[in-house]
Amino acid sequence: MKLLVLLLLLFSIFSQEIPNRWDELTASDWPKALEKSNKTIILPVGILEKHGPHAPMGSDLIRVRQLARMVAEQEYAVIFPDYFYGQVNEARHIQGTFSLPTSLTLELLQATCDEIARNGFEKIFIINGHGGNPELLKYFVQTQMDKKRDYAVFFHTSSHDTAVWEQIGKMRKSDPAFDQHGGETETSVLLYMRPDLVQLDRATTESGENLNRLAKMPNVYTGIWWYGSYPLHYAGEAEVATKELGKLITEDNVRSIVEALRAVKQDTTTLQLQKEYFDEVERMSPGDRK
Ligand SMILES: [Zn+2]
């Protein structure tokens, strides 16, 4: 009888729902969270910057945080709290932009990952909410090969469901080529997630038109291009945004992230190959970059 009670107690403890946000977990639930997540944490990276005249500064942070929450409801992982230290050098001429120096941005991200790993995680899965971040984040992930670490960093690269995006294509009212920042799709997602923060009636008080001021230089990339095109840091037509479009986009995003997260949680090859690689580096150059 005593054994049965003990088993029931253990079962109820094990099957108990535990929070997924790091800041909402108790110390007593930490080991369970590590086990349930397969030592996997989602690091949602957002930004603070103007999003047209109508949407909040934290649009990208709000979106990526909400996506992480929806994903973790389907596939458990711990979620790192609000992180908005990304690349946004192109919007420093506008109030509300929080842009740290580039070297500090990289250093902070590395220190954050080191500290996450020190708390027991082996897999850090970065999801991104801001259009100016992917180059930085991919570069950061590649720099993880600069020295031996006992954790791996993964970056979600989105994939679209063709059928869903055909439907999205039919629903869109503005030109996708210019719907880049604070425009129809981004605003639609916010209308779906946090309609209380969108002032849609202000969407037309500024123009989100591409001004194309930079001289044409074929096959050339240069940093000022964005300011050349969108000096108001608004690109698109938010006034045509709808919550229905936002729901479809969000659901497809969640699907793509869940798929990636499941693969990351199950993966055993990355850490094994990392170890093998650094053992070879160590053999080749003993004492290098400890
Ligand atoms: Zn944005």
Side-chain angles (χ1 to χ4, degrees), residues 42-71 82-100 105 109 126-138 155-158 160 168 172-200 202-210 223 225-243 245-254 256-257:
I42 302 174
L43 172 56
V45 180
I47 209 81
L48 298 178
E49 59 169 348
K50 173 183 174 181
H51 273 78
H54 61 286
M57 296 288 176
S59 290
D60 297 347
L61 176 68
I62 291 162
R63 279 201 342 268
V64 78
R65 199 168 54 187
Q66 176 72 0
L67 279 174
R69 199 180 66 74
M70 293 169 87
V71 165
D82 303 1
Y83 194 96
F84 47 82
Y85 315 104
Q87 191 299 121
V88 63
N89 286 295
E90 61 279 12
R92 294 181 61 228
H93 61 308
I94 294 173
Q95 279 189 324
T97 300
F98 189 83
S99 168
L100 295 175
T105 303
L109 192 50
I126 297 178
I127 64 171
N128 173 45
H130 166 57
N133 275 345
E135 284 83 359
L136 166 86
L137 294 172
K138 275 193 183 170
F155 177 52
H156 171 249
T157 54
S158 37
H160 289 336
I168 288 171
R172 278 173 99 159
K173 297 181 198 92
S174 64
D175 183 347
F178 304 111
D179 180 18
Q180 294 198 50
H181 179 71
E184 182 183 6
T185 48
E186 197 169 16
T187 305
S188 292
V189 173
L190 279 156
L191 281 178
Y192 173 57
M193 291 180 175
R194 289 295 305 272
D196 55 313
L197 298 177
V198 182
Q199 312 291 337
L200 206 57
R202 296 185 203 162
T204 49
T205 58
E206 280 179 12
S207 165
E209 182 194 348
N210 184 356
W225 79 271
W226 177 261
Y227 178 75
S229 285
Y230 306 105
L232 296 176
H233 207 49
Y234 175 29
E237 294 165 27
E239 63 272 24
V240 294
T242 62
K243 144 169 150 252
L245 183 68
K247 183 172 186 285
L248 274 185
I249 295 169
T250 303
E251 285 169 353
D252 192 47
N253 245 320
V254 170
S256 162
I257 304 171

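Just so it is clear, the structure is predicted and the values come from calculations on it, not from any experiment. Start at 1 and go down the list; that is how both ligands and their atoms are numbered.
With sequence neighbours left out, Leu232 forms a side-chain contact (heavy atoms from CB on, under 4.5 Å) with Lys50, Glu206.
At least one N, O or S atom of Glu186, from either the backbone or the side chain, sits less than 2.8 Å from the Zn ion (ligand 1). At a cut-off of 2.8 Å, His51 is counted among the residues with an N, O or S atom near the Zn ion (ligand 1).
Between Tyr230 and Trp226, the two ring planes are tilted [angle within 30° to 60°].
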Begin from the C-alpha positions of Arg63 and Glu186 and carry the test salt bridge (charged side-chain N to carboxylate O under 4.0 Å, His left out) through to its verdict.
-> CA-CA 9 Å; Arg63 279 201 342 268; Glu186 197 169 16; 2.6 Å; yes
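The N, O or S atom of Asp60 with the smallest distance to the Zn ion (ligand 1) is OD1.
The only option from His51, His54, Lys243 that meets the side-chain hydrogen bond (donor to acceptor under 3.5 Å, both in side chains) definition with Thr187 turns out to be His54.
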